[in-house]
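Working notes, beginning with the structure itself.
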Amino acid sequence: MQAQVSPQAWHFSWQLLQPDKVPEIQYFGASALHIKISRYWSDIPTDQYESLKAQLFTQITRFASGSKIVLTRLCVALASLALSMMPDAWPCAVADMVRLFQAEDSPVDGQGRCLALLELLTVLPEEFQTSRLPQYRKGLVRTSLAVECGAVFPLLGQLLQQPSSPSCVRQKVLKCFSSWVQLEVPLQDCEALIQAAFAALQDSELFDSSVEAIVNAISQPDAQRYVNTLLKLIPLVLGLQEQLRQAVQNGDMETSHGICRIAVALGENHSRALLDQVEHWQSFLALVNMIMFCTGIPGHYPVNETTSSLTLTFWYTLQDDILSFEAEKQAVYQQVYRPVYFQLVDVLLHKAQFPSDEEYGFWSSDEKEQFRIYRVDISDTLMYVYEMLGAELLSNLYDKLGRLLTSSEEPYSWQHTEALLYGFQSIAETIDVNYSDVVPGLIGLIPRISISNVQLADTVMFTIGALSEWLADHPVMINSVLPLVLHALGNPELSVSSVSTLKKICRECKYDLPPYAANIVAVSQDVLMKQIHKTSQCMWLMQALGFLLSALQVEEILKNLHSLISPYIQQLEKLAEEIPNPSNKLAIVHILGLLSNLFTTLDVSHHEDDHEGPELRKLPVPQGPNPVVVVLQQVFQLIQKVLSKWLNDAQVVEAVCAIFEKSVKTLLDDFAPMVPQLCEMLGRMYSTIPQASALDLTRQLVHIFAHEPAHFPPIEALFLLVTSITLTLFQQGPRDHPDIVDSFMQLLAQALKRKPDLFLCERLDVKAVFQCAVLALKFPEAPTVKASCGFFTELLPRCGEIESVGKVVQEDGRMLLIAVLEAIGGQASRSLMDCFADILFALNKHCFSLLSMWIKEALQPPGFPSARLSPEQKDTFSQQILRERVNKRRVKEMVKEFTLLCRGLHGTDYTADY
């Protein structure tokens, strides 16, 4: 890479193209030339343009009968040269290329020259699309190329239709056409070539290239302006139906795929323009029916066909376009297309059906996964179609399911039932079906389904889960489906579906579940003890039980908690006695995980919305202490005992902290009785072995309890302790603990935000904290740097109100500024520049007189913060920053601009997306 961008590349690249070199070396030479021309065009003196162009033409002619990969690279280099010279320095570039390659006096045979010219013409638009031209030049060159296509298309048409043209030439012609249409050439200018490409679809060798060319031509955004040309294309597409049917019959997946791509490209890109031509409604409807045939193509996706998935977005587009018309026109089209969409639902549910058990057994895991994703896409489409068809769609599905389950004539296949239920579930998951009159009937039908198969059982579960909100409004129906769910819990194959459905029911219907609570707890306990489910499902199950117990009376909760947790507590007591080893560690983490998931959802304060943030204080529970606190106090000693043996293990410590963190988040004020004990335990933990999870839990306590006078002393003591230990860690070398530094910075920022009084204590060494945070700004880990910037943006506004902070900023603020400038100068990732801009903005807003003095001094030394900067650029930057004290966004833009100058990237293509 360094060689290719070096000044010497202009010389060695020609030497590497010598005929005695192997193609790999010649390729490197051609590639180096392209890089020099495309990126370092300004290095070339104007008087050398012509000789460079002539040299490239000579090389291309030489390689026309040589290595193809080298030829392509040389063509790309010449294309880049042409784009840089057009339109002034080389006005008729494309016409010149055509003329030069058609000259008879060349040593290369006609076909070689022809293929080399086509290669050059193909890469020219491609190079334009990826070129690094400035915006104003891009517009000029695009216009110039659009004019030049007049020199290209007649040649392509002639070569494509000439009977004597060999297949390789015609293929190259189609590729070249495909490349040019992406320059937004007017569709009517492409008409003749598109028709020729349709004719070429009959030739199997040219089929793929023809499809690509037609699809690219039809799909260009500008094409919709040429409605007359689009209308001429419909019969051409419809004319492919026989070829499509033959391909499907012969199992020729490639041909059916290609034809489908063409039909979808026309329908999807231009449905609005074609629907507007009301007098041509029948021909467009014929195209829609052709796409419907592609959606319902026989065979199972992805094993027997891969075409149907291409069509799904077309149905979204068509529906959007129909629903966007004014009322009168929409009514007309609804009349035409509602039956089509009902047919689509049937087709999609047929495509969503599983194959026979025997066939499915032969599918690879990859095929099964692709089929699963395909069914999700179908599900999304059905949900969308509901907007067009409304409640009638649900009635339609319900009638079909009812007929299927009650018909005594023919035995129904489980696949058919499963697909209909899947359709229901797709809609019920996202659309509010509370007002639907068919749901009670559906709930009544579910128990009649004879479940003989895992896939069907899964869908029955997910359908019940999707209807959980409806069940909350119609609690009388819970009893008809709950036994099915509890029965499924015992089947490991239905683990995900049964547990997630129970969790949904317990969350949505908790106030109607007390009559069933004993049964649900008993069944859950049984499956947990038998270890039927994997870890994550066990955690979900505990969350479900948390929701369920929340609605009971406190003494009921305690009774159930006792029977539910006792076996685990006994197990944990036994494990606490054992010598630590990997297998008992897993068991400990599992039990602690079960407890923290249970406490995540066990919330006895009755408030309107369970989704409110932790800012909202919940009403205290009238019936005495909170059950979670009662349990936590009972197991506190045991947890400490476990910790004493496992303090070295981050995973166990994290699992312990998670129990309290989840409980604090759920209980808020109710957690108060535990605060002193927990502060003491966290202090002991952190003193023995500092870990990030302990700091995160401390942050949570500061957030919720620090402002309450009763809890301030233990929290202040803990805050001072973890700060002093972390400062000691900084002296020993913090580089190995970026996670601890990250959590520490977040804790400091939270303290300043929530309870700045924590910084008033004389025992807090604010100066050391400040210096450590400056150090943290230089860490390579982005999250740590971000957290440190967050700390400074909270600290600097406190300069005036907290004396110790003001004093430190005055003494050490210059050191902070230098660290920020070093980062902007290139030492930190460009993605973090906004965070550093926030610090500059805060310094300017809250310490203006100091900053104006420091920034001039700091930028004085030559080469700081980057050797690429001139004194004027540094001066401009400092003036801009000092001037902007209101608009944070402007400061961020200035910093971005400045960091690009520092890195030598200003005005280069690297910054295009920045």
Side-chain angles (χ1 to χ4, degrees), residues 391 393-408 412 414 416-491 493-527 540-541 544-545 547-552:
L393 171 55
L394 289 178
S395 311
N396 184 299
L397 293 175
Y398 173 63
D399 293 344
K400 285 188 175 135
L401 190 62
R403 281 202 299 277
L404 195 65
L405 295 177
T406 52
S407 153
S408 52
Y412 61 85
W414 70 263
H416 199 166
T417 313
E418 190 279 333
L420 285 167
L421 271 179
Y422 184 68
F424 238 110
Q425 176 209 322
S426 306
I427 294 159
E429 252 172 351
T430 38
I431 310 266
D432 183 4
V433 292
N434 277 8
Y435 309 105
S436 165
D437 51 358
V438 301
V439 177
L442 174 68
I443 297 266
L445 280 177
I446 285 177
R448 298 186 59 154
I449 297 170
S450 69
I451 297 176
S452 52
N453 168 285
V454 173
Q455 283 93 358
L456 175 57
D458 259 339
T459 302
V460 168
M461 282 304 114
F462 285 128
T463 305
I464 295 171
L467 295 171
S468 56
E469 284 183 41
W470 185 91
L471 287 168
D473 289 342
H474 306 82
V476 67
M477 302 299 278
I478 291 173
N479 197 29
S480 55
V481 290
L482 188 59
L484 287 174
V485 179
L486 294 179
H487 178 69
L489 275 184
N491 183 344
E493 291 187 293
L494 304 178
S495 183
V496 173
S497 60
S498 61
V499 175
S500 68
T501 296
L502 183 65
K503 184 178 158 186
K504 280 182 179 173
I505 291 175
C506 289
R507 187 181 62 213
E508 300 301 336
C509 313
K510 63 181 173 189
Y511 299 119
D512 302 297
L513 292 179
Y516 313 105
N519 194 11
I520 296 174
V521 172
V523 173
S524 303
Q525 247 180 307
D526 185 48
V527 298
W540 291 0
L541 191 48
L545 293 171
F547 286 125
L548 173 75
L549 296 181
S550 303
L552 304 181

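Sorted by first and then second residue, the salt bridge (charged side-chain N to carboxylate O under 4.0 Å, His left out) pairs involving residues 416-426 (not counting sequence neighbours) are Arg375-Glu418.
Of all heavy-atom pairs between Ser468 and Gly465, the closest is OG-O, 2.9 Å. Scanning both residues, Tyr511 and Ala551, for their nearest heavy atoms gives CD2-CB, 3.7 Å. Nearest heavy atom pair, residue Ser452 against residue Trp414, reads OG-CB, 4.2 Å. When all heavy atoms of Phe547 and Cys506 are compared, the closest pair comes out as CB-O, 3.4 Å. When every heavy atom of Ser480 is checked against every heavy atom of Pro447, the shortest pair comes out as O-CG, 3.6 Å. Here the shortest heavy-atom pairing between Ala472 and Asp512 reads O-OD2, 3.7 Å.
From Leu401, atom CG reaches atom CG of Leu420 across 5.5 Å, with rounding to the nearest 0.5 Å. Taken to the nearest 0.5 Å, the CG atom of Leu484 stands 7.5 Å off from the CD1 atom of Ile446. If you take CD1 on Ile449 and OG1 on Thr463, they are separated by 7.5 Å, rounding to the nearest 0.5 Å. Note that the OG1 atom of Thr430 and the CD atom of Gln425 stand 10.0 Å from one another [nearest 0.5 Å]. For the atom pair CG of Leu456 and OG of Ser450, the computed distance is 7.5 Å after rounding to the nearest 0.5 Å. In this structure, OG on Ser497 lies 11.0 Å from CD on Gln455, to the nearest 0.5 angstrom.
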Pair Asp526-Val523, side chain to side chain contact (heavy atoms under 4.5 Å, CB included): steps then yes or no
CA-CA 5 Å; Asp526 185 48; Val523 173; 5.6 Å; no

Would you check, one step at a time, whether the test side chain to side chain contact (heavy atoms under 4.5 Å, CB included) holds for Leu471 with Leu482?
CA-CA 10 Å; Leu471 287 168; Leu482 188 59; over 6 Å; no

List the steps, then state whether side chain to side chain contact (heavy atoms under 4.5 Å, CB included) holds for Leu421 with Phe462.
CA-CA 9 Å; Leu421 271 179; Phe462 285 128; over 6 Å; no

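Residues Asp432 and Glu469 are not in side-chain contact: their nearest non-hydrogen atoms beyond the backbone lie 4.5 Å or more apart. Looking only at side-chain heavy atoms (C-beta outward), Ser524 and Leu548 stay at 4.5 Å or farther from each other. Considering only heavy atoms from C-beta on, Ile505 comes within 4.5 Å of Leu513 through its side chain. Residues Phe424 and Leu467 form no side-chain contact, since every pair of their non-hydrogen atoms from C-beta on lies 4.5 Å or further apart. With contacts defined as side-chain heavy-atom distances shorter than 4.5 Å, the pair Thr501/Lys504 does not qualify. Side-chain contact between Leu442 and Leu397: absent, with no pair of heavy atoms (C-beta onward) separated by less than 4.5 Å. Two residues are said to be in side-chain contact when any heavy atoms from C-beta on lie closer than 4.5 Å; Thr417 and Thr459 fail this criterion. No side-chain heavy atom of Val433 sits under 4.5 Å from any side-chain heavy atom of Val438.
Legend: residues meeting salt bridge (charged side-chain N to carboxylate O under 4.0 Å, His left out) with Lys400, ordered by chain and number and at least two apart, are Asp346.
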